[in-house]
Amino acid sequence: MPKRTDIKRIMVIGSGPIVIGQAAEFDYAGTQACLALREEGYEVILCNSNPATIMTDTMIADKVYMEPLTLEYIAKIIRKERPDAILPGIGGQTGLNLAMELERKGVLKECQVELLGTSSESIERAEDRELFKEMCESIGEPVIPSQITYNLDEAKEAASAVGYPVVLRPAFTLGGTGGGFADNEAELSEIGRQAFALSPVHQVLIEKSVKGYKEIEYEVIRDANDTAITVCNMENLDPVGVHTGDSIVVCPSQTLTNKEYHMLRDSALKIIRTLKIEGGCNVQFALDPQSFRYYVIEVNPRVSRSSALASKASGYPIARVSAKIGVGLRLDEIPLANTPASFEPALDYVVTKLPRFPFDKFASAPNTLGTQMKATGEIMSVGRTLEESLLKGIRSLETGVDHLCLEKFDGMATDELLRYISDGTDDRIFAIAELLRQNIDIDTIFEQTEIDRFFLRKLRNIIETERELSAHINDRAALYHAKRMGFSDKAIARLWNTDELTVYQIRKSAQILPVYKMIDTCASEFKSYVPYFYSTYEEENESVRTDKKKIIVLGAGPIRIGQGVEFDYSTVHAVQTIKRSSITTLRRFPPTTPPPTSSTLSRSPPRTSWRSSTLNSPRALSLH
């Protein structure tokens, strides 16, 4: 059906100040949604108190209110502006909770404001732990044995009934805030006090622990016509026990069999249809690595933190499509490049997300990871293999590390390393690499970490390539293999006991140069130009070069303490200004950065990759 014409003015609530678990991902989503609504001719009223985001710029919305994101202030704005509708699922948990509070307090009914997209009943069923459990059981979807509790005494009784160890999951909190694993009643009491205090409804789910299971996410989207698709699925390298925001994540999943993939996909689509979600949604699963048993962990009935990663990984703008679904459009009516939004993306590459932690600023803070998110930001890297994608990602973190090695673990005894990797930490992957250099077998490492052996074999491939390089100094075949694996010139130079420039000169003389592949949502099955590129060492270059004058704009990289979306705001304005001067802009930006124009990447005019215009530049090439 066509878009709705009975509404004219739409309010969008942002996510407020940057906090762990809710950062630029929701600025990205909100920006896309506002621009999509304006593209359809609606007036957009934006409420957000964060001045650093591009979302609160006047080019994004018709009116911007820089006011506290509280019930009192949002109600005042609604009574003044009298919007026809409100879009609740774009501003993270903050925006969703506020929209639900406005509904419960009768403000929306009083001012005749409609909730767009997913209904309040559906949101309540997905967010309320007890209602969600009942719904899953009613449709035959397995949920982890658990009990809903409302005070500490109830929590202790529930833990005894469920059986230790348990995990505490407070309702309506973000990033696992207030939750944690408890092995006994003393630990439960300590975590429980905080969990009940932080849940806005004082509700905590006491859940049987499934530590060691694989953690899988499906990003799905549905319209009011009940058309539902899977945008992509993602797999955590760390098993259940480390918050997904703190885990290394790969997209698409790497270790699932065809049966497992479709079993979980069918479950995700069944859940989103039962909930009657309209727009983007992500479903999290725990999968037993020893069988086909799985459990539904939770559903986010909104654009989630991982939606930004999924959008960039697949080339499918989830927030933009969700906003258009909210105003009545169907998936098959929303164009994306040469395909409708009802077309499921296909990926012929591997995306890796690595979290960026603040432990460099807080050296005394414990770097152990659990159910509460600690990462401040993330990077996304793309390669043709997992090894290439991972090594490119490590260099992108801007922590001074350019390869899978950390000085901290050099010379550390095997027993000490094995003890270290038994807990999830921000640098566990580097300790695992050191164990592999010491020829510790994969089964031993698996017993300590429960990281799937497939991922451990991929790490071993990197170590074996190091040995191959060391044994074949200045060998061009070894060099080409290493570049295909994602090795930097700097890392190769160390193994060859030479300098980076020498490696580059050998590589240039052998014509071992990168090409640029396109993220086009269709795995090149048919012509679909999306100017969104990644480098790799293959034959065919998909970046179309032009004779226009070009300017490179460098972004600020992953969000960390002291450098966040404030610099994204600056670079977006720089891009806008340059584009108005009719010069091609070549921009390098992280996965959570908002689009620089009102069009999404898939609808932008053709332009070249920032790297493609520097193929003959030694300075540029030496960075790879």
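Nothing fancy with the numbering, it's 1 onward along the sequence.
Salt bridge E333/K324: absent, no basic N to carboxylate O contact under 4.0 Å. Using a 4.0 Å cut-off between a side-chain N of Lys or Arg and a carboxylate O of Asp or Glu, K270 and D266 do not qualify as a salt bridge. Of the charged side-chain nitrogens involved, at least one lies within less than 4.0 Å of a carboxylate oxygen, so that E114 and R4 count as a salt-bridged pair.
Remark: F454 pairs with no residue by the ring pair (Phe, Tyr, Trp, His ring centres under 6.0 Å) rule, at least two apart or across chains. Residues that satisfy the salt bridge (Lys or Arg N to Asp or Glu O under 4.0 Å) test with E260, not counting sequence neighbours, are absent from this structure. Among residues two or more places apart in sequence or in another chain, the side chain to side chain contact (heavy atoms under 4.5 Å, CB included) test is passed with T385 by E387, E388. Judged as a ring pair (Phe, Tyr, Trp, His ring centres under 6.0 Å), and not counting sequence neighbours, the contacts of F357 are F359. Here Q254 pairs with nothing under the side-chain hydrogen bond (donor to acceptor under 3.5 Å, both in side chains) rule; sequence neighbours left out. Checked against side chain to side chain contact (heavy atoms under 4.5 Å, CB included), E538 has the following partners two or more places apart in sequence or in another chain: R384, R484, V515, K517, T536. Qualifying salt bridge (Lys or Arg N to Asp or Glu O under 4.0 Å) partners for K211, counting only residues two or more places apart in sequence or in other chains: none. For the salt bridge (Lys or Arg N to Asp or Glu O under 4.0 Å) test, no residue two or more places apart in sequence or in another chain qualifies with D332. With sequence neighbours excluded, the residues forming a side chain to side chain contact (heavy atoms under 4.5 Å, CB included) with E134 are E130, L131, listed by chain and number. The side chain to side chain contact (heavy atoms under 4.5 Å, CB included) test applied to S119 returns E121, S122, not counting sequence neighbours. Take D452 and apply the salt bridge (Lys or Arg N to Asp or Glu O under 4.0 Å) test, not counting sequence neighbours, and it matches K214. For F181, there are no ring pair (Phe, Tyr, Trp, His ring centres under 6.0 Å) partners at least two apart in sequence or on another chain.
Within a 6.0 Å sphere centred on NZ of K208, other residues, nucleotides and ligands contribute more than 12 heavy atoms.
Note on ring orientation: taking the six-membered ring where Trp is involved, the planes of Y261 and Y218 are tilted (angle from 30° to 60°).
The structure places CZ of F285 at 14.5 Å from OH of Y213, a figure rounded to the nearest 0.5 Å.
Donor-acceptor pairing under 3.5 Å is recorded for the side chains of E219 and S306.
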